[in-house]
Amino acid sequence: MRYQSTRGNSPQQSFLEILLGGLAPDGGLYLPSHYPQISKAQLDSWRGLSYADLAYEILSLYCDDIPDTDLRALLRKTYTAQVYCNGRAADSAQDITPIHWLGEEQGTRIGLLSLSNGPTLAFKDMAMQLLGNLFEYALKRAGQQLNILGATSGDTGSAAEYAMRGKEGVTVFMLSPRGKMSAFQSAQMYSLQDPNIFNLAVGGVFDDCQDIVKAVSNDLPFKAKNQIGTVNSINWGRVVAQVIYYFQGYLLATKSSNEKVSFTVPSGNFGNVCAGHIARMMGLPIEHLVVATNENDVLDEFYKTGVYRARKSAETLHTSSPSMDISKASNFERFIFDLMSQDGQATAKLFQQVESQGGFDLSKDSVYKTMAKYGFRSGRSTHENRIATIQDIDQRYGVVIDTHTADGVKVAREHLQAGIPMLVLETALPIKFEETILEALGRPADCPKGLEGIKSLPQRVVNIDADVSQVKSFITDHVN
Ligand SMILES: *Cc1c(COP(=O)(O)O)cnc(C)c1O
């Protein structure tokens, strides 16, 4: 498989060649040169495979520069019930992403696809754990080292740290805004004692952390000398790893491949739902892909109107589903490339317009009429909706859901169709956003077994000013 840039002006590369990098040289994002097609017979033949072996069937189509036996071993090492059991008995975790059916509504079944039973209790573990093993493998093969620099407001940073801890050849420098994350989230990150993980608590807000990462990354000589890389959401390895659970969810929800399923995805940077789009392009019988946003509704606006209007950072609202607080959706360009019939020049023009004019309008473009065939639907949810949904799901079904999943359930209910099961992607567990659960239910969220004492563990974190040169010298002193 070769990978092309969405801006059509970079040489095609292989999976391992793009694995450790970020954007393509022309500023685009990588996508496969074609989407492998899965027939219904093939899909049915995958029923009953373990998650790791299902992952192998899918990923072997995308990473043919990793020998089969190595790929299978990597996947079996990654997707184990022990890693994804989150305090439950390992034998109830064999499916890795089991469906938690809530019940019948409007003539169909609605359920949660459980993606949050990995080490950091959010769906980002699904892809990041694999990335950790892939990075270690690729670096070893190339005889290289990598220093990952990132900024986090919570979920991404902790998923990256738990994926990279103890990995040979990798060191992580993670900037987080001091005192701005939930107590559980900071305890999760700062309690890691691994010598290859450095938590830098920056005196500032998340945007300051992100600006420092940008400034360091823009210093190309420094970046090259210190072998700096990132694991942000545009990484193709993360997107393709997420394709697997759409197949798993579909197979668990159906008996035959003549049936259809819809998915609702709580969305921010469009990484998760982009994987759903790719699964659908491969032939997975998905009826609708419902994009759920919070008050930061740039994606809902696009699917309703054809107008993409990126927000300025100052316009980005801080909400109670913070992992969906985005001003522009970094993976969205991948869908637009497909919508533009994979015309890289046309895509480049649109995203140059995002830079120069803040957005683009496809409502009068002929491609807008082709939108329907991609099956997208959308909706938005607010703090009040979130609270009401958390209360309702608790009362009706006795299940406590987190704030992001609540946005998903709220929007999913607006798109139910009789006879077509609806799976809402559960993107985090409620304990991560305990303040809002307390507000909604008047009682705290349950803490998964084994994590009760996490807030009192010793912490390994370095305080640092929001200052590029201080961060640079810390990196120089600690790179391997
Ligand atoms: C990252 C995240 C999201 C958004 O996912 P995208 O891939 O950025 O669309 C939603 N919910 C939670 C809990 C997250 O951590």
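Atoms within each ligand, like the ligands themselves, are counted from 1 in listed order. Keep in mind it's a predicted model, so treat the numbers as computed, not measured.
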Original post:
With hydrogens left out, which residues have an atom under 4.0 Å from ligand 1, given that only heavy atoms count?
Top reply: F123, K124, D155, P266, S267, G268, N269, F270, G271, N272, S323, M324, H404, T427, A428
**OP:** Report yes or no: is the cationic atom of R334 (NZ for Lys, CZ for Arg) closer than 6.0 Å to the six-membered ring centre of F332, at no more than 45° off its axis?
**Re:** no
Original post:
Do F335 and Y374 make the cut of ring centroids closer than 6.0 angstrom?
Top reply: yes
Subject >> F360-F351 aromatic ring centre distance below 6.0 Å >> reply: yes
**OP:** For Q342 and D338, test the side chains for any donor-to-acceptor distance below 3.5 angstrom and give the result as yes or no.
**Re:** yes
Original post:
Given side chains that start at C-beta, do those of V265 and Y246 come closer than 4.5 Å, heavy atoms only?
Top reply: yes
Original post:
So, H404 and S321: side-chain donor and acceptor under 3.5 Å apart, yes or no?
Top reply: no
